[in-house]
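Here the structure comes first, spelled out in structure tokens, and everything after it is commentary.
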Amino acid sequence: MKPYISIVIPVYNEAGSLPELYAELTDVLGRLAHPYEIVAVDDGSTDESLRVLRDLQAADPHLRIVHFRRNFGQTAAFAAGFDYARGDLIITIDADGQNDPADIPRLLEVLDEGHYDIVSGWRQDRKEPFLTRRLPSMAANRLISRSTGVSLHDYGCSLKIYRADVAKNVHLYGELHRFIPALAGWMGVRVAEVPVRDRPRVYGKSKYGLSRTVRVLLDLFLVTYLLSFSSRPMQLFGLIGLILNSAGGLIGAYLAGAKIVNGIVGGAEGFRAYRIGTSPWLMLAVLLIVLGVQFVVLGLLAEVINRTYHEAQDKSIYAVREVIETQEAE
Ligand code: UDP
Ligand code: MG
């Protein structure tokens with residue numbers, strides 16, 4: 001039977017957490033009485049994760065395993081999960097047990113009540129350290145909400161529900177999974193937030209360190225660009241180029257003017273005495289003009305590359321070794 005709900009779980013060395021998470025999920029989903037599947041994406045785990053998944057699958061055809069050839073990262077795992085999911089709704093959840101499956105029914109309720117396209121978990125009472133995790137995350141959420149126009153308190157929460165067509169139409173690259181609601185915002189989606197429980201990690205350890213903060217910041221620039229200018233880069237680069245060019249042109253004109261005025265006032269002697277060749281202003285004028293031209297050309301290049309980018313968007317960002325599913329799941 002075609003599932004109504006697809007649970008997508010990115011799994012990277014989570015052997016310890018999987019059995020409990022699976023039991024909790026199965027319990028919650030069983031009570032919901034919708035046909036469902038669980039798509040576990042093994043992101044090149046080097047521990048026993050795959051064996052644990054296979055053992056669970058042996059007793060339960062709901063479980064499908066997408067086994068990556070190597071570690072491609074959480075974003076690629078989500079992307080694969082979305083591609084293989086067959087349900088009308090896609091629910092993402094972390095494999096480490098930090099999200100509580102018991103929150104799923106509430107998220108579903110809100111999705112149905114408000115005809116939302118995305119319902120995002122909003123972690124209350126987070127268990128992670130304040131300085132290295134929660135503070136950067138707070139700042140990131142503010143920034144992302146402001147610059148992308150899709151306002152959420154907790155972009156980083158993995159527990160989210162998407163309508164399948166929305167999730168499947170977001171093209172994910174790099175580490176952009178955190179920005180899915182913002183990227184989907186481009187389609188004009190309706191997004192809601194629901195408070196969810198955050199639990200401490202019991203098994204294994206976190207796959208991310210502090211360096212993630214910087215990467216999220218750089219990704220934010222990218223997403224802002226993608227959302228506001230990607231289909232018209234010339235409007236951004238061209239504008240910067242024009243501003244630089246005008247500034248350089250003005251300074252250059254002033255220098256040339258001053259030299260001529262000095263010539264008129266002081267004759268040939270005055271003209272020669274006013275030296276602009278050594279003036280730092282001349283350097284600045286030349287620099288601005290050259291930079292300005294470069295920005296305009298960059299804008300044109302970006303326009304061309306952009307067209308290639310959009311043509312080639314069905315390019316995959318992962319390689320699947322095998323899809324493991326039992327006959328009944330077909
Ligand atoms: N994960 C993954 N591939 C990676 C890193 C992480 O599939 O390269 C999965 C991981 O197994 C977990 C989820 O992404 O299910 C979130 O990772 P983690 O709990 O380490 O992040 P944190 O909660 O510390 O932010
Ligand atoms: Mg975690």
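Note that ligands are numbered from 1 as they come in the structure, with each ligand's atoms numbered from 1 the same way. All figures in this text were calculated on a predicted structure; none of them were measured in a lab.
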Matching residue for Asp154 among Arg178, Arg123, Lys160, Arg142 - test: salt bridge (charged side-chain N to carboxylate O under 4.0 Å, His left out) =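 The passing option is Arg123.
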
ask   = For residues 194-204, which residue pairs qualify under side-chain hydrogen bond (donor to acceptor under 3.5 Å, both in side chains), counting only residues two or more places apart or in two chains?
value =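 Every pair satisfying side-chain hydrogen bond (donor to acceptor under 3.5 Å, both in side chains) with a residue in residues 194-204: Glu14-Arg201, Glu20-Tyr203, Glu24-Arg199, Asp96-Arg201, Asp100-Arg197.
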
inquiry  = Between Ile180 and Phe82, is there a side-chain heavy-atom distance shorter than 4.5 Å?
reply    =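 Side chain of Phe82 against side chain of Ile180, heavy atoms only: contact under 4.5 Å found.
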
Heavy-atom nearest neighbour in the protein, as seen from [atom], with distance rounded to 0.1 Å:
atom	answer
atom 23 (O) of ligand 1	Gln98 OE1, 2.9 Å
atom 20 (O) of ligand 1	Lys207 N, 2.6 Å
atom 14 (O) of ligand 1	Gln74 CD, 3.1 Å
atom 8 (O) of ligand 1	Asn71 ND2, 3.1 Å
atom 21 (O) of ligand 1	Tyr208 CD1, 3.3 Å
atom 18 (P) of ligand 1	Arg201 NH2, 3.5 Å
atom 13 (C) of ligand 1	Asp94 OD1, 3.3 Å
atom 24 (O) of ligand 1	Ser206 OG, 2.5 Å

ask   = Looking at CZ of Arg31 and CD1 of Ile104, how far apart are the two atoms once the value is rounded to the nearest 0.5 Å?
value =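 Reported to 0.5 Å precision, the distance equals 11.0 Å.
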
What are the two closest non-hydrogen atoms of [X] and [Y], and how far apart are they?
X	Y	value
Lys168	Ala85	NZ-O, 2.7 Å
Thr132	Leu210	O-CD1, 3.5 Å
Tyr12	Lys207	O-CE, 2.7 Å
Arg133	Glu128	NH1-OE2, 3.1 Å

Select one of side chain, backbone, both or neither to describe which atoms of [X] lie under 4.0 Å from any atom of ligand 1, heavy atoms only.
X	answer
Arg212	side chain
Asp43	side chain
Val11	backbone

Hey, does [X] come in under 3.5 Å of ligand 1, counting only N/O atoms on both sides?
X	value
Arg133	yes
Ala77	no
Glu14	yes

For residues 294-303, tabulate all N or O donor-acceptor pairs below 3.5 Å that involve a side-chain atom, not counting sequence neighbours.
{"from": "Glu303", "atom 1": "OE1", "to": "Arg307", "atom 2": "NH1", "distance (Å)": "3.0"}
{"from": "Glu303", "atom 1": "OE2", "to": "Met234", "atom 2": "N", "distance (Å)": "2.9"}

query = Where does the angle between the aromatic ring planes of His62 and Tyr36 fall among parallel (under 30°), tilted (30 to 60°) and perpendicular (over 60°)?
reply =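 Ring orientation, 0 to 90° scale: parallel.
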
ask   = Got a sec, which residues hit salt bridge (charged side-chain N to carboxylate O under 4.0 Å, His left out) with Lys127, two or more places apart in sequence or on another chain?
value =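 Scan of Lys127 (salt bridge (charged side-chain N to carboxylate O under 4.0 Å, His left out), adjacent residues dropped) gives Asp125.
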
key: Under-2.8 Å protein N/O/S neighbours of the Mg ion (ligand 2), ordered by chain then residue number   =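 N, O, S partners closer than 2.8 Å: Asp96 OD2, Gln98 OE1.
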
ask   = Just checking, is any N or O donor in the side chain of Ser211 or Arg215 under 3.5 Å from an acceptor N or O on the other one?
value =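 Per modelled atom types, Ser211 and Arg215 side chains form a pair under 3.5 Å.
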
ask   = Any side-chain donor-acceptor pair under 3.5 Å between Ser6 and Glu37?
value =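 Yes.
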
